[in-house]
Every structure is written in structure tokens, then in C-alpha cells.
Amino acid sequence: MTNRPRFVLVHSPLVPSVTMAPLAEVLEQLGFETVVPELDSTPGHGDLNRRQAAQVERALRYHGRRKAVVVTHSGAGLLSGLIDPAGAAAHVMLDAIFPHRPGSRFDFFDDPATAAEWESLARRHRGRLPASFVHKLGNGITSSALRAAFEALARDVPIELYSARAPIRPGWSVAMPGLYLQWTEPYRHDAQRARDAGFDVVHRPASHLELINDPAGVASQLADFVQLRQIRAR
């Protein structure tokens, strides 16, 4: 049995899990196991944030006691502060919210006007961000085939995923190695919070969907991090 850690790849709750497919494919070609949980965004069945964190924890337990590297993108970063660190060997955050205190995803937005715009849009669509809005987020995908798959799988997203406050586990970010990849300007404060917490931070201007547009480059950075920090499955 290999002592390499698995990668649990957690997509943004705003977009479908297909955003993680290219990265998973390249990591597996490099010899890593991957698990891509499909986050449940169905409202009306309890706290969505806790439910999604429980999904990530189940993925961490997928192979018993073998530890995994948790990779979160964008709004999924909030879940890093919620999950039990026992099954995680490290955290990697891709242009993601860095939860340094309890709060909602909107509380961590760099631009409050964006949060107000999203809430206004949701009020006009029965409390949801419509699939047509999510479609536009895929405009930065350079592959036409992947962009079509993204659009086909996009769904309405309940605004409570972004407006509901979530707690964090104290000390979660200093309990293990961490890597933060900042691609876009809106995440500069999150990158600084990660740096303050002791994460390795790499800033390279790119698309917010760089994990789709350059999965080989991102996978190489993840593999180098695992090797440099000597991260193991046990």
C-alpha cells in the first residue's frame, strides 16, 4: 500500500463538481488517489454548511485511517474550518475563502457590493441564484467541451449557502501543513490570512478557474507541496 496521501477535491458549492474533474484526472496520472464529493446544496434539510462539511468528512474516511490532503476551491474554503482535522494530512486552498473566524461566505467577500448584488438577485428568484447566473461563471473556461459540461450541470443555488453563518474549529489552520494558491485579486486578503497562519502561499495571476484551464500546472504544484512537506497517508 502506498504511503502517498489521497486528495479529497472539494468543489465550490456554487458550481458543479465537474470543475474538479480535470485536476483529479491529472493527479491520478501522477499516481495519487482522488475523491471528489458532490456537495449537496438541497435546502430544507438542516444546516447546509454542516451537511457539506459532513460530506467532506465521509470522503476523508473513505479508506479508513489513511489521511488525505483536503483541496478546496473558492467558497468551499469555508468548509476547511468546519471539518474534523483528524482525517486531514494537510489543507490546500485554491483561490478560496480562508475562514479565520466564524461567519458566512458573504462576510468573507472582499467586495460587500458583490454580496448585495447576489442577495438582490436571489430575492428575485425565490431565494436562489439561478442556473443562468452560474452559467456565466463558466465563461472563463478555455475548453469548449468542459465549458459545455459545466453549463449542462449548473443548477440553481440557495442563497443561504452564502448568507448562513458558520462556526470554525479553533486552531484548524495551524494543526497541519497548508498551501494557498492565489490566482485572482479578490482573494488577496484570504491569501494574507493563510500566510499569517503559516501556510505556504503562491501568488500567480490567473483565472479563478485555473484548476480547469491548467490542471497539469496545478497538479504539479500540489505534488511538489506533498513531497516538499513530506506529507504521508499515516
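Computed from a predicted model, the values in this text were never measured in an experiment. In this chain, residues are counted from 1 in sequence order.
Under the salt bridge (charged side-chain N to carboxylate O under 4.0 Å, His left out) criterion, D110 pairs with R188, not counting sequence neighbours. A54 is linked by a side chain to side chain contact (heavy atoms under 4.5 Å, CB included) to R58, counting only residues two or more places apart in sequence or in another chain. Residues passing the side chain to side chain contact (heavy atoms under 4.5 Å, CB included) test with A76 are V10, P13, T72, sequence neighbours excluded. In terms of the side chain to side chain contact (heavy atoms under 4.5 Å, CB included) criterion, residue partners of S104 (sequence neighbours excluded) are, by chain and number, F106, D107, R165. Here H208 pairs with H73, Y187 under the ring pair (Phe, Tyr, Trp, His ring centres under 6.0 Å) rule; sequence neighbours left out. Checked against salt bridge (charged side-chain N to carboxylate O under 4.0 Å, His left out), E210 has the following partners two or more places apart in sequence or in another chain: R204. Residues forming a side chain to side chain contact (heavy atoms under 4.5 Å, CB included) with R126 (at least two apart in sequence, or on another chain): none. Scored by the salt bridge (charged side-chain N to carboxylate O under 4.0 Å, His left out) test, R195 finds no partners at all (sequence neighbours excluded).
Cation-pi check for R101 over F108 is met; the charged atom lies under 6.0 angstrom from the ring centroid and within 45 degrees of its normal. Judged by the 6.0 Å distance and 45° axis criteria, R105 is positioned over the aromatic ring of Y162.
Pairs engaging residues 131-154 under the ring-ring contact (aromatic ring centres under 6.0 Å, His included) rule: W118-F133 [sequence neighbours left out]. Listed by first and then second residue, the ring-ring contact (aromatic ring centres under 6.0 Å, His included) pairs that reach into residues 13-42 are F7-F32, sequence neighbours excluded.
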Show which side-chain atoms of residues 213-226 pair as donor or acceptor with protein atoms under 3.5 Å away, not counting sequence neighbours.
| residue | atom | partner | partner atom | Å |
| --- | --- | --- | --- | --- |
| N213 | OD1 | T142 | N | 2.9 |
| N213 | OD1 | T142 | OG1 | 3.1 |
| N213 | ND2 | G140 | O | 3.0 |
| D214 | OD1 | G217 | N | 3.1 |

Kindly list each side-chain donor-acceptor pair under 3.5 angstrom involving residues 169-176, sequence neighbours excluded, with atom names and distances?
| residue | atom | partner | partner atom | Å |
| --- | --- | --- | --- | --- |
| R169 | NE | L82 | O | 3.0 |
| R169 | NE | I83 | O | 3.0 |
| W172 | NE1 | P99 | O | 3.0 |

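Between the side chains of S143 and R147, no donor N or O sits under 3.5 Å from an acceptor N or O.
Among all heavy-atom pairs drawn from M20 and L211, the shortest one is SD-CD1, 3.6 Å.
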